[in-house]
There are 2 protein chains.
Amino acid sequence: MPRPANPLTRTKLLEAAFAVIRSKGYSATTVDDICRAAGLSKGAFFHHFASKEELAVAAALHWSETTGALFESAPYHTPADPLERLLAYVAFRREIIQGDLPDFTCLVGTMAQEVYGTNPAIQKACWESIHGHAETLVPDIEAAMRDRGIDADWTAESLALHTQAVLQGAFILAKASGEPRRAVESIDHLYRYIEGLFGVAGLRTRPAGRRTSRTGE
Amino acid sequence: MPRPANPLTRTKLLEAAFAVIRSKGYSATTVDDICRAAGLSKGAFFHHFASKEELAVAAALHWSETTGALFESAPYHTPADPLERLLAYVAFRREIIQGDLPDFTCLVGTMAQEVYGTNPAIQKACWESIHGHAETLVPDIEAAMRDRGIDADWTAESLALHTQAVLQGAFILAKASGEPRRAVESIDHLYRYIEGLFGVAGLRTRPAGRRTSRTGE
DNA sequence: AATTAAATACCGACTGGTTGGTATTTATGT
DNA sequence: ACATAAATACCAACCAGTCGGTATTTAATT
């Protein structure tokens with residue numbers, strides 16, 4: 001009878017891949033890099049994954065699972081109002097921009113950029129991760145549109161994906177400038193956009209006296 | 001007297017680098033790839049550039065120059081009103097999303113993502129390209145804020161950079177999904193945001209009957 | 001309970017091909 | 001003749017992936 005798979009080994013490899021790929025990108029990451037980061041051997045790597053490509057696909061899936069769990073248990077679901085939940089989601093995304101760049105940037109966004117033209121399997125896994133995450137926002141957006149009687153020429157899905165576009169673009173600004181604050185500022189604009197879309201007060205002008213940051217960082 | 005350098009050679013290498021890096025990314029691009037695409041030899045390559053890294057920096061600079069010239073001569077400058085010019089810029093960015101992905105995506109955004117942690121020289125050149133381009137929008141944004149008496153808790157620079165974030169993020173969506181339309185939809189949201197910020201009518205609801213596309217594609 | 005067989009987990013040296021870069025040579029314009 | 005541009009040949013380091021082997025676990029058999 002078989003020796004049972006040590007679930008830690010595979011996970012260690014996947015999470016080592018998260019760290020290395022998020023800081024160097026997919027192409028520049030070597031299998032040895034990942035093994036070193038995981039404290040495992042090449043033998044272990046190729047026992048669990050047939051190729052570097054297969055690891056990348058598995059990593060994208062594991063990314064969907066771990067981030068899915070993170071967002072499910074995140075505090076932004078508490079408001080009763082769907083629009084407030086949506087805004088709380090954006091505020092949450094803003095709040096978790098902390099520490100070093102590889103700690104808060106997106107694995108699948110990074111990989112997609114590198115492999116879209118050369119590796120359909122990885123591309124597909126990345127898109128499913130991004131799209132799947134965006135889909136979790138759609139019910140709240142639809143409810144908010146209904147609640148506020150919005151007759152829009154945009155769809156809930158397109159707004160959900162737009163939030164992801166802003167996040168991905170914000171990460172690029174942060175990486176290029178080396179300043180995470182650039183990402184935060186862009187997410188602030190996204191927050192303001194959603195407020196405006198749904199007619200939350202104070203979009204165009206604001207009362208005298210600086211409005212304080214809504215997250216109170 | 002020395003044999004004069006053929007000015008086409010260096011440019012051919014740089015533009016070959018544009019094409020290859022935009023479709024495969026920086027790390028996956030080999031020097032031989034670029035030489036093949038340029039129809040030149042490795043000898044020519046290393047005669048003009050000391051290293052692959054130096055080529056990347058030169059490519060980022062050349063990118064700033066060529067895109068700078070493209071945008072300077074683009075038609076979005078014609079409106080007299082600064083806000084209209086800004087909106088025309090966004091509409092122009094939307095219009096030029098055509099053809100294959102490597103034909104309209106951003107070289108320096110792609111590179112920045114891969115090298116930000118490992119190659120400061122390239123990262124710097126990428127940031128200067130993105131930031132420099134964003135800066136060209138700042139005077140119009142400032143003028144539009146003045147014209148409309150906007151007392152904002154955001155700066156002109158942050159809005160200019162936000163437009164770039166949305167564009168970069170839109171490219172990632174397009175690459176991940178394989179559907180350029182996803183990028184267009186995100187840019188539509190950006191357009192709507194700027195309209196809303198400056199109090200252009202019709203943000204929250206719209207008159208009965210579908211509003212037609214503003215660019216009339 | 002002890003032994004053995006079978007299956008898997010993991011190791012690390014090795015390989016064939018690729019990579020960035022160098023050394024040498026040839027072509028070309030002055 | 002001379003200096004530079006560009007081509008070719010070449011190299012050492014590196015890479016993904018392979019392979020023979022060892023360690024560990026479980027189940028069947030005694």
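Bear in mind the structure is a predicted one, so any value in this text is a computation, not a measurement. Quick note on labels: first sequence line is chain A, next is B, and so on, each numbered from 1.
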Quick one: salt bridge (charged side-chain N to carboxylate O under 4.0 Å, His left out) partners of B/D100, sequence neighbours excluded?
-> none

Summarise how protein sits on nucleotides 8-14 of chain D as a single string, 5' to 3': B when a protein heavy atom is under 4.0 Å from the base, S for sugar-phosphate-only contact, - for no contact.
-> B------

Distance in angstrom units between B/D32 CG and C/dG17 C1', rounded = 13 Å

Nearest-Å distance for atom pair CZ/C1', residues B/F45 and C/dT22 = 14 Å

Separation of A/F46 atom CZ from C/dT15 atom C1', in whole Å?
-> 13 Å

Tell me, please, which residues at least two apart from B/H133 pass ring-ring contact (aromatic ring centres under 6.0 Å, His included).
-> B/F71, B/Y89

Which whole-number value in Å describes the distance from B/R36 CZ to C/dG20 C1'?
-> 14 Å

So what does B/S27 touch, heavy atoms closer than 4.0 Å: a base, only the sugar-phosphate, or nothing?
-> nothing

Spacing between A/I34 atom CD1 and D/dC15 atom P, to the nearest angstrom | 12 Å

Between C/dG20 (P) and B/N119 (CG): distance, integer Å | 13 Å

Please table the atom pairs, donor to acceptor, closer than 3.5 Å between any side-chain atom in residues 58-65 of chain B and protein atoms at least two apart or in another chain.
| residue | atom | partner | partner atom | Å |
| --- | --- | --- | --- | --- |
| B/H62 | NE2 | B/E15 | OE2 | 2.9 |
| B/S64 | OG | B/A60 | O | 3.2 |
| B/S64 | OG | B/S129 | OG | 3.0 |

Residue set satisfying side chain to side chain contact (heavy atoms under 4.5 Å, CB included) with B/A160, at least two apart, ordered chain then number -> B/A134, B/L137, B/V138, B/I141

Which residues pass the ring-ring contact (aromatic ring centres under 6.0 Å, His included) test with B/F46, sequence neighbours left out?
-> none

Under a 4.0 Å heavy-atom cutoff, the residues of residues 13-24 of chain A touching DNA chain C are none

Run the salt-bridge test on B/D103 and B/R22 with the 4.0 Å N-O cut-off and return the result as yes or no.
-> no

Is any side-chain nitrogen or oxygen of B/T9 closer than 4.0 Å to OP1 or OP2 of D/dA6?
-> yes

Any residue meeting side-chain hydrogen bond (donor to acceptor under 3.5 Å, both in side chains) with B/E54, in chain and number order, not counting sequence neighbours = none

Could you tell me which residues satisfy side chain to side chain contact (heavy atoms under 4.5 Å, CB included) with A/E179, sequence neighbours excluded, listed by chain and number?
-> A/S177, A/R181, A/R182

Mind running a 4.0 Å heavy-atom check of residues 49-61 of chain B against DNA chain C and sending the residues that fall below it, in number order?
-> B/S51, B/K52

Among the candidates D/dA6, C/dA9, D/dA5, find the nucleotide nearest to the side-chain atoms of B/H47.
-> D/dA5

Under the side chain to side chain contact (heavy atoms under 4.5 Å, CB included) test, which residues partner A/S41, sequence neighbours left out?
-> A/A44

Euclidean distance, atom NZ of residue B/K12 to atom C1' of D/dA5 [Å, nearest integer] = 13 Å

Between the side chains of B/Y76 and B/R93, does any donor sit under 3.5 Å from an acceptor?
-> no

For A/V20, what residues pass the side chain to side chain contact (heavy atoms under 4.5 Å, CB included) criterion, not counting sequence neighbours?
-> A/K24, A/T29, A/D33, A/A37

